[in-house]
Amino acid sequence: MKIKVLMVCLGNICRSPLAEGILRSKADSSNVFVDSAGTAGYHIGKGPDPRSVEVAQEHHIDISRQRCRKFKEDDYFAFDHILVMDRENYINVCALAPSEAHKKKVRLLLEGTGLPYSEGPDPYYGGQEGFEKVYDLIDKACNVLLPELTSSKKQPHEK
Ligand code: 4NP
């Protein structure tokens, strides 16, 4: 059975499309299914922000065909791991949990990875350098996360 991972941010046009593309590029697609969603519905149906597309392209990852969708309660049933970019996402995703037990699926992507950040900074209102920085953080986090996700039934970052 595939491990199903959902990456979540606010808009689903900057950070979580990068996280989806990066994790997918590292994972064996026969073992891992990756998707992304946003807690807000501002950009539903649109492609990722051109700045995210550009930084991914620089790393030979094509995210241009992704389409924005909103996080929904059903995602708790469809996914094993829901990895959020920041604490605001965490609160908004947990607010839709069908039970307390389901909230255990939700984690901050960067937390417990040894990186000096626990949140992926939102680059939307800044310049291209913010996209490069968040790309780098997500990339490093995925390197730590992927073996944990695929080698055990533990929650990511669980000791
Ligand atoms: P994201 O960034 O959550 O990383 O996709 C944002 C994208 C859009 C908006 C905010 C953050 N917005 O306000 O439209």
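Indexing begins at 1, ligand by ligand and atom by atom, following the structure's order.
In this structure, Tyr76 and Val106 have side chains that are in contact, with non-hydrogen atoms separated by less than 4.5 Å.
For ligand 1, the protein residues within 4.0 angstrom (heavy atoms only) are Cys9, Leu10, Gly11, Asn12, Ile13, Cys14, Arg15, Tyr42, His43, Asp122, Tyr124, Tyr125.
A side-chain contact (heavy atoms from CB on, under 4.5 Å) with Phe79 is found for one member of Val5, Asp35, Asp74, Val34 and no other, namely Asp35.
Residues Asp139 and Lys26 are paired through a salt bridge, judged by an N-O separation under 4.0 Å between the basic side chain and the carboxylate. In this structure, Arg51 does not pair ionically with Glu54, as no charged nitrogen and carboxylate oxygen lie closer than 4.0 Å. Ionic pairing of Asp75 and Lys72 is present here: one or more N-O contacts between side-chain nitrogen and carboxylate oxygen are shorter than 4.0 angstrom. A salt bridge between Glu111 and Arg107 is absent, with no side-chain N of the basic residue lying under 4.0 Å from a carboxylate O of the acidic one.
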